[in-house]
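In what follows, a single structure is set out as structure tokens and then discussed.
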Protein chains: 2
Amino acid sequence: MSEEIIQTIPEACCTLDISGADQEKLVTMFKALGNPIRFEIMKFLVTHPSCITGDIVDYLPIAQATVSQHLKVLRQAGWIEGTVEGTATSYCLHEKNIAWFRQRVDEIF
Amino acid sequence: MSEEIIQTIPEACCTLDISGADQEKLVTMFKALGNPIRFEIMKFLVTHPSCITGDIVDYLPIAQATVSQHLKVLRQAGWIEGTVEGTATSYCLHEKNIAWFRQRVDEIF
DNA sequence: TCCTTGTATCGTAAAATTACGATGAATTAT
DNA sequence: ATAATTCATCGTAATTTTACGATACAAGGA
């Protein structure tokens with residue numbers, strides 16, 4: 001006779017109000033800043049509000065195409081906003097999303 | 001006669017007190033949570049304090065080896081702590097590092 | 001109109017990440 | 001001592017990310 005083994009995951013001590021699309025967005029934001037170059041870009045934008053792509057390219061030791069790619073990741077993750085100004089693009093922090101990120105982090109941990 | 005062009009990066013509006021090893025640690029923490037499975041593990045640990053590896057393996061739809069690998073990433077990033085208890089390993093949040101993370105985020109953004 | 005400037009996107013090579021089964025190592029049970 | 005349990009690590013295939021040069025595109029100036 002073999003005994004029946006019932007797998008039980010321990011009971012939760014509490015609930016967490018994050019899931020679905022919000023959770024995906026949060027993970028995307030974490031992932032975007034989990035890269036040294038992109039973190040450096042965010043630091044640069046904090047200390048140099050609304051500068052253009054070229055300023056960041058001049059500042060960083062990597063190719064323009066790569067910077068543009070990183071800016072796209074940060075933009076799609078919601079960390080920054082880009083505004084086309086003539087032939088240039090001006091970037092600034094997406095304050096609303098950043099505030100949202102902080103609230104979620106404070107809420108979860 | 002060609003005119004000399006001097007590249008100038010715009011002046012900073014402020015300074016940011018994060019760099020070097022601290023910055024690397026912060027990026028590593030962001031990177032670790034920038035993965036859906038690892039985020040899910042963190043959520044599980046928040047709601048199920050000090051559970052063992054097997055509990056997480058039962059909860060997630062992925063192989064034990066993969067869970068173990070993700071736990072290692074979270075441990076090395078400083079999000080969690082593991083304690084060997086006999087043949088099992090019990091994991092819990094690394095509260096101190098988590099607090100440090102939140103302080104840095106609040107400080108920067 | 002044609003050229004220059006500032007960026008984004010494409011194609012692609014190299015590197016890193018993710019997932020798995022298999023194996024190993026340590027502890028406990030028989 | 002042997003077997004079972006629990007977990008980490010190894011080796012590796014598949015996928016994703018990162019970086020670059022080349023190219024395209026849009027706006028402004030000559």
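All heavy atoms count here, side chains included; hydrogens, waters and symmetry mates do not. Owing to the predicted nature of the structure, the values given are computational and were not obtained by experimental measurement.
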Q) Quick one: L74(A) CG to dT17(D) P, roughly how many Å, whole number? A) 14 Å
(Q) Using whole Å, what does the distance between atom C1' of nucleotide dT28(C) and atom CD1 of I52(B) come to? (A) 14 Å
Q) Can you check whether N35(B) has a side-chain N or O nearer than 4.0 Å to OP1 or OP2 of dT17(C)? A) no
Q. Phosphate oxygens OP1/OP2 of dT6(D): is one of them under 4.0 Å from a side-chain N or O of Y91(B)?
A. no
(Q) Tell me whether the side-chain N or O atoms of Q69(A) pair up with the base of dA8(C) as donor and acceptor below 3.5 Å, since no angle test is needed here. (A) no
Q | Check: T87(A) side chain, dT5(C) base, donor-acceptor under 3.5 Å | A | yes
Q. Is any side-chain N or O of S68(B) closer than 4.0 Å to OP1 or OP2 of dT9(D)?
A. no
Q.
To the nearest 0.5 Å, what is the distance between CD on E40(A) and CG on N35(A)?
A. 10.5 Å
Q: Please answer: with hydrophobic residues joined when any side-chain heavy atoms are less than 4.5 Å apart, are F44(B) and I108(A) in the same cluster?
A: yes
(Q) Strictly distance-based, threshold 3.5 Å: is any side-chain N or O of D55(A) a donor or acceptor partner for the main-chain N or O of I52(A)? (A) yes
Q. Can a side chain N or O of T66(A) be found less than 4.0 Å away from OP1 or OP2 on dC20(D)?
A. yes
Q: Specify the separation, in whole Å, of atom CZ of R38(A) and atom P of dT16(D).
A: 16 Å
Q | Distance in angstrom units between L71(B) CG and dA8(D) P, rounded | A | 6 Å
**Q.** Upstream residue (5' side of DNA chain C) when V73(B) and Q64(B) are each assigned their closest nucleotide
**A.** V73(B)
Q: Take the protein atom CD1 of I62(A) and the nucleotide atom C1' of dA8(C), then report the distance between them rounded to whole Å.
A: 15 Å
Q) Take atom CD in E107(B); do more than 12 heavy atoms of anything else shown fall under 6.0 Å from it? A) yes
(Q) What contact category does A88(A) fall into here, base, sugar-phosphate, or nothing, at under 4.0 angstrom with non-hydrogen atoms? (A) sugar-phosphate
**Q.** Nearest-Å distance for atom pair CD/P, residues Q76(A) and dA8(C)
**A.** 12 Å
Q: Tell me whether the OP1 or OP2 atom of dA8(C) has a side-chain N or O from T53(A) closer than 4.0 Å.
A: yes
Q: Begin from the C-alpha positions of V27(B) and L33(A) and carry the test side chain to side chain contact (heavy atoms under 4.5 Å, CB included) through to its verdict.
A: CA-CA 7 Å; V27(B) 172; L33(A) 274 201; over 6 Å; no
Q) Nearest to the side chain of A63(B), which nucleotide is it out of dT9(C), dC20(C), dA22(C)? A) dC20(C)
**Q.** Euclidean distance, atom CZ of residue F39(A) to atom P of dT17(D) [Å, nearest integer]
**A.** 20 Å
Q: Report the residue (V84(A) or I37(A)) whose heavy-atom-nearest nucleotide on DNA chain D is the more 5′ of the two.
A: I37(A)
Q) For H70(A) and dT17(D), is the shortest distance between a side-chain N/O and OP1 or OP2 below 4.0 Å? A) no
Q: Look at the side-chain heavy atoms of Ile, Leu, Val, Met, Phe, Trp and Tyr, link any pair under 4.5 Å apart, and say whether Y91(A) and L93(A) land in one connected group.
A: yes
Q) According to a strict under-4.0 Å criterion, is K72(A) in side-chain N/O contact with OP1 or OP2 of dT7(C)? A) no
Q: Report the distance from atom CG of D55(B) to atom P of dT6(D), rounded to the nearest whole Å.
A: 10 Å
